[in-house]
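Below, chains carry the letters A, B, ... as their sequence lines are ordered, and counting in each starts from 1. Remember, predicted model here, so these are calculated numbers, not experimental data.
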There are 2 protein chains.
Amino acid sequence: MSEEKRPKDQLKAHIRAQNQTLILETSERVFARQGLAKTTTQMIADEAGLPKANVHYYYRSKKDLLEAVLERILRLWLDSVSEFDVEGGPKENLTRYISEKIDQSRANKNASKVFAMALMGEEHFVLDYLRNLFVTELEREKATIQVWVDKGLMAPVSTEHLFISLWAMTQTYADFDAQVKIILQKETLEDNDYDDAKQFITRMVLAGCGVVDDSL
Amino acid sequence: MSEEKRPKDQLKAHIRAQNQTLILETSERVFARQGLAKTTTQMIADEAGLPKANVHYYYRSKKDLLEAVLERILRLWLDSVSEFDVEGGPKENLTRYISEKIDQSRANKNASKVFAMALMGEEHFVLDYLRNLFVTELEREKATIQVWVDKGLMAPVSTEHLFISLWAMTQTYADFDAQVKIILQKETLEDNDYDDAKQFITRMVLAGCGVVDDSL
DNA sequence: GTCTATATGTGGATAGAC
DNA sequence: GTCTATCCACATATAGAC
């Protein structure tokens, strides 16, 4: 009997994984569009093409669902972040970092917005994440930057304020895209808009950090 | 009789103005703390020490109330913004602009957060404001910057992306203060933190815009 | 695992007495 | 202008049949 049960369990597990992914992806979209509190489980269910009770079957409460969405976002982000490489030097690393951050917030605009909303709403889940993972990561970057400073490759700047500015500038194109569109007077942002942003931010950061930019 | 009525009307008008201010100030605080959708008129009433029906007497709907709050925020902001002064040159103007923006977002943290929430939620009221007032103001700054570029006082940069970055960097200390506190590892932000922010941002912007900063 | 029907709670808004 | 009591809509969450 147990031999017969296994394929059934595999099927169930497959259905489960499939539905969970569907619900999480849909939720991220609806949360980003409607805001966290305005979003109802009914909206998510409708947009996912499922009955509401089904959503609650997989995620008991709306809070659980939001946290699952946030966890997924953070996990995917961690995977796509490339760390600073000391050997590469400040110019290459900062340029790459800015480019990757802009690309990422563009590719995952909804994820970025949900994260920003949760952060502004001071959701414990997000604050804990920042405290645990983020800060240790920042320590590493700080050490790397110190090496570059000691080598005379860049000016001694506050790593904390540098990263606060980097995140603010790169995230704003996703989180406040409505504002950006109005300022640029465009219906939708295109490749060249993001290229302009990258170029402007990179130029400012390199110059502000006293990095010799021989390409200018 | 009309002579006797006037003082009564004045009293009523006074009560009205006083209550409206109380409700608006309380709302701004609660909206900033709880988020726009999570905030209930009951919370606002409780915190203002009024019965809920009283709040609805002055502002028929929650939407009306939010818009009144936003309108008040924007009016106060407009008054405290000093325009670019062509004669002053880029260094003085950009330095002052950054300093004023940081001071303002610090002094009115709640207002700043409510505005950011409404912007991220793409509230029509805020988008319309940006389209009408903001964009014309940007045109003026753009013309000023062009003058400076022509005079060789700064490099030709994209005014749009410059302002997008300026707003992002200066607002982030108010809007995402929870994140900033974690990065700086402080319970509360103090004078020197804001001074560091001003210094870092100013340095970066001036260098990035190719403004000769003889003080460095 | 799926889904209908429903219990339970809460919020926005107002009627109507004072 | 103030405030109690209440209506109605809607959201979360679950029970229970399939």
Side-chain angles (χ1 to χ4, degrees), chain A residues 4-24 26-27 29-31 33-70 117-118 121 123 125, chain B residues 4-31 33-70 117-118 121 123 125:
Chain A
E4 285 192 338
K5 247 194 164 180
R6 223 173 263 153
K8 244 189 200 169
D9 287 352
Q10 281 184 7
L11 179 62
K12 278 192 181 177
H14 178 67
I15 290 177
R16 167 169 284 270
Q18 206 170 24
N19 278 337
Q20 283 184 330
T21 305
L22 172 66
I23 292 169
L24 291 179
T26 308
S27 298
R29 212 165 46 237
V30 181
F31 275 136
R33 202 173 56 222
Q34 298 281 339
L36 307 186
K38 248 188 186 169
T39 297
T40 68
T41 50
Q42 185 69 65
M43 289 176 197
I44 293 169
D46 288 347
E47 191 153 326
L50 296 170
K52 187 176 55 167
N54 207 326
V55 172
H56 277 97
Y57 170 73
Y58 287 104
Y59 301 95
R60 190 160 296 270
S61 71
K62 187 183 165 180
K63 193 166 175 290
D64 286 349
L65 177 53
L66 173 60
E67 292 187 356
V69 170
L70 288 169
M117 287 168 173
E123 294 277 336
F125 190 90
Chain B
E4 285 192 336
K5 248 197 162 180
R6 223 173 263 152
K8 246 189 200 169
D9 286 354
Q10 280 184 7
L11 179 63
K12 279 192 182 177
H14 178 66
I15 290 176
R16 167 169 285 270
Q18 207 171 23
N19 278 337
Q20 283 184 331
T21 305
L22 173 65
I23 292 169
L24 291 180
E25 283 177 353
T26 308
S27 299
E28 183 183 294
R29 211 165 46 236
V30 182
F31 275 137
R33 202 174 55 224
Q34 299 281 337
L36 306 186
K38 246 188 187 170
T39 297
T40 68
T41 50
Q42 186 69 64
M43 290 174 197
I44 293 169
D46 288 347
E47 192 154 326
L50 295 170
K52 186 174 61 166
N54 206 325
V55 173
H56 277 97
Y57 170 73
Y58 287 104
Y59 301 95
R60 190 160 296 270
S61 70
K62 186 181 165 182
K63 192 165 175 289
D64 286 350
L65 177 53
L66 173 60
E67 293 187 356
V69 170
L70 288 169
M117 287 167 172
E123 294 278 336
F125 191 89

- request: For residues 51-66 of chain B, pull every pair meeting salt bridge (charged side-chain N to carboxylate O under 4.0 Å, His left out), keeping only residues two or more places apart or in separate chains.
  value: Lys63(B)-Glu67(B)
- prompt: Can you give one letter per nucleotide of nucleotides 3-18 of chain C, 5' to 3': B if a protein heavy atom sits under 4.0 Å from the base, S if only from the sugar-phosphate, - if neither?
  reply: BB------SBBB----
message: Just to verify, what does Asp46(B) make a side chain to side chain donor-acceptor pair (under 3.5 Å) with, not counting sequence neighbours?
response: Gln42(B)
- request: Rounded to the nearest angstrom, tell me the gap between atom CG in Asp64(A) and atom P in dT14(D).
  value: 10 Å
field: Whole-Å distance separating the OH atom of Tyr58(A) from the C1' atom of dG1(C)
entry: 6 Å
message: How close do Ala68(A) and Leu24(A) get, counting heavy atoms only, and between which atoms?
response: CB-CD2, 3.7 Å
- prompt: Which residues satisfy the side chain to side chain contact (heavy atoms under 4.5 Å, CB included) test with Ala37(A), sequence neighbours excluded?
  reply: Ala37(B), Lys38(B)
field: Leu11(A) CG to dT2(C) C1', straight-line distance once rounded to whole Å
entry: 14 Å
Results of side chain to side chain contact (heavy atoms under 4.5 Å, CB included) for Ala48(B) - residues two or more places apart only: Leu22(B), Thr26(B), Leu50(B)
With Glu25(B) via salt bridge (Lys or Arg N to Asp or Glu O under 4.0 Å) - residues at least two apart: Arg72(B)
For atom CG of Leu22(A) and atom P of dG1(C), their distance in whole Å: 14 Å
